[in-house]
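Note sheet for the following structure.
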Amino acid sequence: MVRFKNRYVLCEVVSEDPRCRQCIEDRAVGLAVRDAIGRVHGDFGLACCSISFTVKYLNAYTGTVLLRCRKDSYRLLCSALPFVRQLESRNQRYPCFLNTLHVGGTIRTCQKFLIEYNRRQLLMLLQSCTNEEERRCVQKSLLSCSLTEEQCLSGNEDDDDDGTDTD
Amino acid sequence: MAGFSDLNIPQGPDKKSMQGLLETAAHLGYSAVALNHVIDFKEKKQEIIKPVSPSELFPSLPVVQGTSKRIKVLTRLTLVISDPSHCNLLRSTSPNIRLYDIIAVFPKTEKLFHIACTTLDVDLVCINVTEKLPFYFRRPPVNVAIDRGIYFELLYTPAIKDSTMRRYTISNAISLMQICKGKNIVVSSAAERPLELRGPYDVANLGLLFGLSEGEAKAAVSTNCRAAMLHGAFSASQNIWELRKNRKVLLCFTSTETGLWALWMQPKWMLCFREVPVSCE
């Protein structure tokens, strides 16, 4: 079967500065990753990885990024991800790093992993809830996270609570 | 399956920044970290102080992401030796040295590398990544070190910070790989700030850059670190019978409420047992 095989890399942007969240946009992240690949693997690596390279999904509240590349060059991409040190957009630079969560062959597997991961994060948030109101919100979103046909990736987290945690 | 560990987090004076580092490490998924205290003999004569107990420094340890256990904090001592007379400190069994969980040595010359691999009682030998190695690795001392259970440590934070360091790191690492064939390698950060830490999956991918295969790279962050911690636990024992440096035959492990106990046989049929201060997963 002739089909282009891709790899989808799910990462999380970890930063100390809470203002970095607003800087997370697809162009900034794409540029930062390409720059890191260029620095580590040179022109050859950059050319190989950028054949089918895009940022497929981005969630600024939780800092989740889904990147796509060709299966032949995903090793070059994955080995260059630790070298991303900052995100730059609108002339603002924020130091941060990318933590790779999962590498999958399809968007669906990454989505399943992300749901489980977010459920665990919500459980940890539940333990550190101070307010009864927050507790109810978190519990409601915990009960509602599942993989249904029409649900998109962004509908699985409770945005209000996740915006309050700074890492 | 052993959890991920990071065996080199330099001990800074600021408690708050160490707490930040620990929280980032727990968020990334590391189940154990080791606080590193570096002693350099070239500077003025330094005393080896007793290790600060982690429970005093950090009243509450963060929970590791993905499990429900707290992160384990060990203590580690690194001796930077550039002269054979510095090794006497290790041989003289000063009582403070044995209180550290892991002992590492950083040899600066070829002769010292040979001595560290063959005779010194250490757990880790650090490989210089910040400058071109003044000596080439040779097979005999590296093979002896692998047999004795000594691990070679590579740092990755200098590679992330600076591009010339990156070249030295990769060239030194690949020359080590060609001699040791990827066995007994531990990759750790020397992160002073939380932003310099990287997750264990990313560190395993860095291992691919250094010439390790995928299984070896994953082991460098997980099983090899755990084995280095166990090696440190055995050799720092204070039993009635004195531990010799030759082979110890491990008989069994039992796990009780107080922790993991190891029973092993010494040369001349002497038996020893000791509690191993690492968590079992």
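Small disclaimer: the values here were computed from a predicted structure and weren't measured. Proteins get letters first, then strands, A, B, ... in listed order; numbering begins at 1 in each.
Most heavy-atom pairs under 4.5 Å with chain A: of the set B:Gly20, B:Gly207, B:Pro194, this distinction falls to B:Pro194. Contacts with chain A were tallied for B:Val63, B:Val203, B:Leu197; B:Leu197 has the most, counting heavy-atom pairs under 4.5 Å. Most heavy-atom pairs under 4.5 Å with chain B, from the set A:Ser79, A:Cys11, A:Ala80: that is A:Ser79.
Taking CG from A:Leu76 and CG from B:Leu208, the interatomic distance works out to 10.5 Å, rounded to the nearest 0.5 Å. Within the model, atoms OH of B:Tyr201 and CG of A:Asn99 stand 11.5 Å from one another, a figure rounded to the nearest 0.5 Å. If you take CG on B:Leu28 and CZ on A:Phe97, they are separated by 4.5 Å, rounding to the nearest 0.5 Å. Expressed to the nearest 0.5 Å, how far CE of A:Met124 lies from NE2 of B:His27 amounts to 7.5 Å.
Proximity to chain B is absent for every atom of A:Leu123, based on heavy atoms less than 4.5 angstrom apart. Looking at B:Leu209, the atoms closer than 4.5 Å to chain A (heavy atoms on both sides) all sit in the side chain, from C-beta outward. With a 4.5 angstrom heavy-atom cutoff, A:Arg75 touches chain B only via side-chain atoms. B:Leu195 touches chain A through backbone and side chain together, each having a heavy atom under 4.5 Å away.
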* Carefully, step by step, assess B:Thr24 and A:Glu16 under the rule side-chain contact (heavy atoms from CB on, under 4.5 Å). => CA-CA 10 Å; B:Thr24 315; A:Glu16 286 173 334; 6.0 Å; no

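By the 6.0 Å contact criterion, CG on B:Asp14 is enclosed, its count of non-hydrogen atoms from other residues, nucleotides or ligands being greater than 12. Counted within 6.0 Å of NZ on B:Lys161, heavy atoms from surrounding residues, nucleotides or ligands total more than 12; the atom is thus considered enclosed. Heavy atoms of other residues, nucleotides or ligands lying less than 6.0 angstrom from CZ of A:Arg93 number 12 at most.
In this structure, the side chains of B:Gln65 and A:Tyr117 come closer than 4.5 Å at one or more pairs of heavy atoms. Proximity of B:Arg198 to A:Leu81: side-chain heavy atoms (C-beta onward) are nowhere separated by under 4.5 Å.
Contacts from residues 168-185 of chain B to chain A, taken as heavy-atom pairs separated by less than 4.5 Å, involve no residues at all.
Shortest non-hydrogen contact noted between A:Arg85 and B:Ile160 is CD-O, 3.3 Å.
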